[in-house]
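Whatever order the structure lists them in is the order used to number ligands and atoms, beginning at 1.
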Amino acid sequence: MDDPRPFPDERTPAGAFGRSSVLRRALRAIALAAVLTVAGMSSAARADGSPPRITLSAPAVETGGTLAAEIDCRPVNGASREVQLAFAGQRIALFPHPVKGGGTCVGLVAVALNAPAGTGTLDLGWTDSGRSRSRRVDFRIVAGAYGEERLSVDPRHVRPSPADLERIRREQEKLKQVYAAGSPERLWSRGFALPVPGEVNGAFGTRRVFNGELRSQHSGVDFRAAAGDPVQASSSGVVRLAEELFYSGNAVIIDHGAGVFTSYSHLSRIDVAVGRRVEKGEVIGLIGATGRATGPHLHWGVKVNAVTVNPLSFQQLMTALTGG
Ligand SMILES: [Zn+2]
């Protein structure tokens with residue numbers, strides 16, 4: 001029960017990213033990383049004709065959900081096919097499959113909470129004898145059934161003062177830069193774990209009414225926990241932010257590479273510094289109630305390719321991908 005919107009761009013449609021030069025640069029960097037050169041490029045491939053095989057983890061996904069696309073990115077006749085994947089105008093980072101190895105590439109398809117239900121279309125690109133080819137791959141987007149709840153918080157966090165608004169603006173700009181500057185390489189290997197053992201008491205996507213007036217949609221999942229309980233890094237990565245924010249309170253953001261970030265909010269204490277390499281399960285801070293919170297709990301958020309997604313379904317997807 002807390003901050004529904006610690007990250008400013010959480011409900012920005014993917015297509016709107018083109019308006020930000022910082023994000024544009026970051027997406028270009030991801031795009032470069034996504035062009036996988038699997039083998040030597042010396043010999044020209046003969047025309048093979050067929051597109052790279054692509055398999056989706058499910059035929060349908062809820063808004064706010066994530067799909068894994070597995071693509072055969074082995075070279076043909078010794079030449080890389082330079083496989084690329086895009087969704088909603090956004091290039092998707094591709095990385096070698098953590099279990100199957102580099103011949104199988106994985107792209108995580110994040111569907112925004114405000115994405116329209118209906119048909120989603122992936123653009124799969126590759127080269128064939130030096131020619132760029134592409135095909136469309138459709139999947140189904142289903143509207144998530146998200147509830148509503150009413151919460152009472154400190155009025156300061158519903159009607160911020162002009163000074164607080166200026167602080168919020170600065171923090172939102174900083175967060176945009178953090179999320180735009182992630183490692184193009186995958187930094188995790190053993191999947192993602194829940195950051196605390198506690199029961200979930202605030203579901204992702206719930207529409208929230210604060211003090212009867214402010215409406216927003218819950219951008220993460222809340223775990224019930226006691227003040228002072230340890231919070232663990234969900235997977236290995238690099239700490240990109242570790243400081244107090246207006247809404248999130250003491251917050252840590254970990255970059256897991258290839259477009260994946262996790263965030264941990266309302267901590268009573270932060271135990272890691274920016275730039276620190278953390279391992280899966282490492283304690284990064286303690287449970288608290290800082291920022292817009294009604295009591296001690298952990299707000300856990302996940303971003304995939306700059307889109308806010310359901311942390312629990314993401315964690316399950318990654319567990320399936322890595323075999324536990
Ligand atoms: Zn929360």
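For the Zn ion (ligand 1), the N/O/S atoms of H266 include none lying under 2.8 Å.
For Q315, the side chain to side chain contact (heavy atoms under 4.5 Å, CB included) partners are F192, L194, W300, T319, not counting sequence neighbours. The side chain to side chain donor-acceptor pair (under 3.5 Å) check on E213 picks up R159, with sequence neighbours excluded.
For H299, the N, O or S atom closest to the Zn ion (ligand 1) goes by the atom name ND1. Nearest to the Zn ion (ligand 1), among the N, O or S atoms that D222 has, is OD1.
No side-chain donor from either of S248 and H299 sits under 3.5 Å from a side-chain acceptor of the other.
Note that R292 lies in the cation-pi zone of F210, set by a 6.0 Å cut-off to the ring centre and a 45° limit from the axis.
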